[in-house]
Trainee: 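Sharing a structure with you now.
Atoms considered below: every heavy atom in the structure, side chains included; atoms not considered: hydrogens, waters and symmetry mates. It should be emphasised that the depicted structure is a prediction, and the values quoted were computed from it without experimental measurement.
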Amino acid sequence: MKGLGWKEAALVIGAAALVWLMLTSIGVVPSEAIAGLVRGSVGGPAAWRQTLREMTPLLIAGLAVAVALRAGLFNIGADGQLLVGAAAAAVVALAVPGPVGVVLACAAAAAAGGLWAFPAGWIKVARGGHEVISTIMLNNIAVFLTLWLVRGPIKDPSVQTWTTPSLPTGTGIPSLVEAGVFRLNWALPLAILAAVAFGVWLQRTVGGFELRAVGANLTAAKVAGVDVDRIRIRAMVASGALAGLAGAVLVLAFEKRFYSNFSPGYGFDALGVALLAGNSAWGLLPSAFLFAALSAGTTSVQILGVPKGLSTVLLGLIIIVFAVLRYREACRDG
Amino acid sequence: MVEVLFASTVTLTAPLLLAALGGLTSERSGVMNIGLEGKLLVAAWATGFVGAASQNPLLGLLAGICLAVAMSLLHLLLTQTFRIDHIVSGMGINALSIGGTSFASKGLGDRSQSVAGVFFPVWMYWILAAAAVLALALALDRTRGGLRLLAVGHDPDKSRQSGVDVGAVRLRALLATGLLCGLGGALIVTNATSFTDGMTGGRGYIALAALILGGWRPLPTLVACSVFGFVMALQLQLQGSELAGAAVPSQLWGALPYLVTLVALVGFLGKSQPPAGLGRP
Amino acid sequence: MTGVTVRFGSLTALENVDFEARPGHIHALVGENGAGKTTLMRVLFGSQRADSGEVTVDGAHVKSRRAAIGMVSQHYSVIPQLKNLQNLMVGAEPGAVLDRKRDRARAEGIARAMGFSFDWDAPSSSLSPAGAQKLEILKLLWRESQVMILDEPTAMLSPADSEELYTSLKRLAEEGRTAIVVTHRIREVLDHCERVTVLRGGKRVATLPVAETDEANLARLIIGHDLRERGSATAEPGPPILMIERLTVLGDRGHRAVDDASLVVRKGEVVGIAGVDGSGQRELFQALIGTRSATGSVRFGGIDWLNLTTAKRLASGLRLVPEDRHAEAVIEDWSLFENAALGLHRDPPFAHGHWIDTQGRARQAGVIADAFKTRYGSLAQPMKSLSGGNQQRFVAGRGLTTQPKLIAAFQPTRGLDIDGSAKIYQAIRHECRQGAVALVVGFDLDELLVECDRVVAMCQGRIFEAPGGLERDRDAIGRLMVGVG
């Protein structure tokens with residue numbers, strides 16, 4: 001790669017060596033694991049179905065994190081917002097069946113997610129408390145709250161496991177394409193549309209200009225007459241609402257119910273998606289696809305005896321390596 | 001009842017305190033560190049794994065400290081040499097640690113589970129934690145190293161002008177961070193007697209909150225950690241007990257430490273003064 | 001120093017420069033911005049590597065110059081969060097463990113020899129600029145520096161404090177030390193220094209005893225041609241339009257940074273605000289912009305100004321040349337297009353309803369960049385690829401080419417050469433002749449006296465006006481700056 005210094009090269013090689021070392025240490029041949037990863041993510045209609053399914057919540061949640069990130073806020077709380085959103089969606093969709101229920105469920109999820117993010121925005125603006133800490137605390141509280149709900153008030157009394165009843169057929173987001181084992185849900189094209197719309201809004205509207213100004217230089221934005229407090233709180237709430245929607249999509253399009261340990265860490269993956277996408281909203285698409293493929297792939301290599309922790313390691317490495325490479329790029333521009 | 005509560009408060013405070021002090025040396029040097037959680041976790045895993053494999057508590061502790069120091073130095077490398085955002089680097093390191101320990105504990109087998117008695121006694125860690133608070137408080141006030149740490153944290157550029165080697169100060173600060181988090185992680189696995197996936201349960205972040213509430217000063221940080229430790233101990237005591245005649249769901253008690261942290265952030269934050277140069281190159 | 005050459009990329013900052021200073025002297029180094037003064041001093045100090053040339057101190061080649069040479073840069077090294085004693089010794093502590101009694105005794109000794117007194121346990125945030133400057137000098141003495149370099153030491157000081165500073169420097173010179181003062185204030189050179197070196201465009205133009213030169217001669221050497229007199233005469237001011245009454249603004253530390261200040265500005269006036277740095281100018285401007293709350297009243301053209309949001313004030317014609325360019329005026333990662341719109345982005349030509357008008361923006365960005373000859377390759381390049389001076393030209397262009405009605409400029413000519421500065425003041429005056437008013441904060445009293453219609457002084461949060469007829473009298477304003485009517 002042109003302009004890549006030896007330090008950056010060393011970092012990339014070190015990251016690759018670490019993964020290689022991890023795999024060999026548990027007796028897995030790295031090339032087989034990589035082949036398994038590829039097969040499990042894009043090797044056939046079933047793999048594609050799984051990858052595109054994973055991509056849907058990751059893209060929406062990644063968009064959620066990106067909205068806050070553009071305003072200079074790290075929303076590590078997407079996981080908690082997704083959880084309360086999913087729970088709210090399940091409750092509403094169970095109460096109101098049919099398409100009306102779907103719309104109401106999405107609205108409830110967005111409201112719940114936004115509400116869950118609001119304290120973090122408010123603490124940041126009014127009290128100066130770092131949103132990283134407050135959103136992590138809100139995540140933990142959301143875990144306990146939804147756990148309590150699904151073990152008590154909204155539990156399906158007819159089964160032993162901690163879950164809500166399943167949604168009735170006809171209540172949910174339908175598939176756009178069904179061909180053999182392949183499925184593509186309507187939610188993904190809608191999510192892609194949302195990401196594209198966000199990109200246009202960011203670059204071409206006064207509101208997008210102001211949001212980016214707040215994220216790029218808070219003081220300069222203030223001097224330019226931007227109401228920075230309002231924008232930051234709104235960005236945080238919008239971010240939470242989108243994360244809540246991601247939860248609703250999971251319930252309405254795929255899982256058809258809410259259960260304990262609902263999120264295997266979508267919120268953290270979403271942070272990776274947003275960081276990897278960088279400054280551009282378009283970047284969210286390949287970034288979400290990559291993480292989805294990784295997630296689908298690692299699930300399939302678990303059969304080879306590769307523990308799931310590998311995907312989290314890869315997530316960490318990707319975040320670090322791309323942050324480093326992006327900094328190099330910024331230096332070259334300057 | 002009261003003695004149990006007290007003992008359990010000390011038990012729960014000590015690892016928080018070690019981690020918070022680790023955060024203190026790092027952030028006082030101007031390096032933001034949300035990666036405390038990851039460092040605790042790798043230290044807990046390494047201490048448990050090596051301690052069990054070698055049947056030697058010293059080797060276990062050393063392994064835990066070394067791995068935490070390595071993570072700390074990685075953070076230094078990424079933020080100082082590669083100049084990436086301190087929060088991004090911290091997130092990346094946390095992901096590496098969470099995934100790596102989860103991977104290792106499943107892939108390499110959890111040998112510590114079957115073997116007992118390979119840890120140092122917990123009181124040793126308590127003494128070290130108490131000593132660390134005093135040593136840091138004195139060092140910041142009375143030594144050359146402490147003065148330079150303060151100066152670099154407030155303004156790295158001006159410190160450089162005054163002839164302070166900013167890189168060296170930060171290197172030492174992050175070595176201390178690794179050491180203290182290593183001890184904290186070792187204590188967590190010692191308390192639990194074996195490693196479990198994600199066992200730190202967000203304590204690295206609570207430690208960070210305690211550090212912030214303590215205004216980045218050792219003694220107030222001790223107070224903040226004690227409050228959080230007490231709330232956690234209270235939560236364990238109250239699990240399953242009734243409040244005003246009604247059964248309280250156990251999840252509410254579980255969420256209590258996090259709620260208290262959140263309320264503390266809202267209530268006390270305006271007063272604490274961060275190092276002015278936090279996050280600056 | 002002989003044959004010093006420094007290059008930054010394709011730019012030659014210093015070319016084959018010789019420089020020598022003698023013990024017991026105050027040696028002045030003068031030249032325009034960008035002439036290479038600071039670079040030369042950094043080479044001497046050792047913080048900048050020279051591409052060629054050599055440096056000797058006391059005849060011997062010096063490897064580690066830090067011991068013998070001390071430098072006070074334009075941006076003080078005093079850290080406000082530390083205590084005075086801590087600031088004094090940080091980086092040169094006597095031992096690994098600090099002995100407060102011993103250190104304080106030594107500090108007292110050094111301070112007393114200079115005739116200074118300090119509360120060593122007080123935080124340095126409470127120091128005035130003059131106090132911080134004194135502490136900087138003591139820092140050099142603590143390190144036993146023989147050669148002291150002071151970069152623009154009087155930039156932030158009142159005339160009285162400047163006098164005092166030179167008295168201290170003389171005392172040090174008499175002890176056999178060498179003081180090198182980098183300055184652009186010719187008057188100080190003539191009054192206080194023994195020898196002067198002039199740099200222009202990275203080359204040495206002359207080194208001569210001060211006694212053998214005069215103001216006109218030095219000015220000619222510095223800029224290469226004769227000083228131009230101020231272009232236009234003072235215009236007849238119109239009716240009062242900006243009325244600041246009993247304005248009080250609290251500062252960061254909760255003190256009354258602006259304290260019951262009043263000022264009336266008439267239509268068409270350019271009013272300079274002189275004063276020592278930290279006298280409340282910053283907070284006054286923040287109150288006018290709306291980024292800091294204030295009590296009292298400000299009326300502009302009959303509007304209750306303080307009740308407007310910053311956005312409304314900008315829409316009403318407030319235009320800024322902010323103090324801290326990096327922090328307040330530009331977004332460095334953004335293109336010149338987007339930076340042109342900053343602050344004016346809600347209205348035509350930059351926006352069309354909720355949508356950004358990219359064509360209108362491109363047109364206006366070109367006008368802004370060309371107003372003061374910003375040097376750029378493309379308007380799409382990021383702001384950070386411009387030099388500081390060019391960024392300042394761009395920011396000034398943005399403020400002065402977009403129909404200003406109330407111009408608030410904080411050191412608008414910072415980082416610019418004499419010609420660039422003159423153009424900016426010309427533009428400010430031009431806009432005011434069209435009916436705008438301008439408030440200009442500056443720390444160089446002489447510049448304000450030349451360029452403004454009227455100069456008022458700020459001291460400890462109050463605004464003082466010289467009596468009629470003395471609005472541009474140097475001595476009168478200088479006295480007001482330190483609160484002596």
Side-chain angles (χ1 to χ4, degrees), chain B residues 24 27-30 83-85 88 134-173 175-176 212 214-218 220 270-281, chain C residues 38 41-42 45-48 64-103 121 123-125 132 135-136 138-140 142-145 149-151 252-254 326-327 333:
Chain B
L24 190 144
E27 301 220 332
R28 270 290 172 198
S29 79
R83 297 286 167 101
I84 73 175
D85 187 279
V88 173
L134 284 177
L136 265 177
L138 282 175
L140 283 178
D141 198 40
R142 301 275 163 94
T143 68
R144 174 170 61 195
L147 175 55
R148 291 187 174 189
L149 184 65
L150 289 179
V152 169
H154 282 307
D155 200 319
D157 295 329
K158 289 183 173 180
S159 302
R160 238 172 251 131
Q161 270 183 45
S162 301
V164 176
D165 183 345
V166 173
V169 169
R170 287 187 169 159
L171 174 63
R172 280 181 211 139
L175 284 174
I212 293 170
W216 288 267
R217 285 166 300 164
K271 287 151 200 148
S272 80
Q273 271 295 318
L278 206 55
R280 267 171 55 186
Chain C
T38 303
M41 288 301 104
R42 287 210 183 118
F45 178 55
S47 62
Q48 168 72 50
S64 152
R65 285 187 286 269
R66 299 236 169 183
I69 303 177
M71 180 157 168
V72 179
S73 85
Q74 227 168 325
H75 309 285
Y76 297 158
S77 71
V78 168
I79 298 172
Q81 292 88 354
L82 297 184
K83 294 170 184 167
N84 289 334
L85 184 62
Q86 290 178 316
N87 262 315
L88 181 68
M89 60 188 183
V90 68
E93 303 86 347
V97 175
L98 306 176
D99 177 346
R100 257 187 225 162
K101 233 187 208 159
R102 178 196 63 198
D103 297 339
D121 287 328
S124 298
S125 56
L135 191 58
E136 292 286 351
L138 292 185
K139 276 184 82 163
L140 301 188
W142 177 274
R143 288 158 167 76
E144 295 175 337
S145 307
I149 307 165
L150 293 96
D151 194 356
D252 286 332
R253 282 176 282 128
H326 297 282
D333 290 332

Trainee: Is B:Lys158 close to C:Ser73 at the side-chain level, that is, under 4.5 Å between some pair of heavy atoms?
Mentor: no
Trainee: Among B:Arg148, B:Arg142, B:Arg144, which residue forms the greatest number of heavy-atom pairs with chain C at distances under 4.5 Å?
Mentor: B:Arg144
Trainee: Among C:Met89, C:Lys139, C:Met71, C:Arg100, who wins on heavy-atom pairs under 4.5 Å with chain B?
Mentor: C:Arg100
Trainee: Taking all non-hydrogen atoms of both residues, which atom of B:Ala151 and which atom of C:Ile79 are closest, and how far apart?
Mentor: O-CD1, 3.7 Å
Trainee: Could you grab the distance from atom OG of C:Ser77 to atom CG of B:Asp157, nearest 0.5 Å is fine?
Mentor: 11.5 Å
Trainee: Give, as side chain, backbone, both or neither, the part of C:Val78 having an atom under 4.5 angstrom from any heavy atom of chain B.
Mentor: backbone
Trainee: Considering only heavy atoms from C-beta outward, does the side chain of B:Ser159 approach that of C:Val90 to under 4.5 Å?
Mentor: no
Trainee: Once side chain to side chain donor-acceptor pair (under 3.5 Å) is applied, do any residues pair with B:Glu27, and if so which ones, sequence neighbours excluded?
Mentor: B:Trp216
Trainee: Of all heavy-atom pairs between C:Leu82 and B:Leu150, which one has the smallest distance, and what is that distance?
Mentor: CD2-CB, 4.0 Å
Trainee: Given that the side chain runs from C-beta out, which part of B:Asp141 has a heavy atom under 4.5 Å from chain C: side chain, backbone, both or neither?
Mentor: both
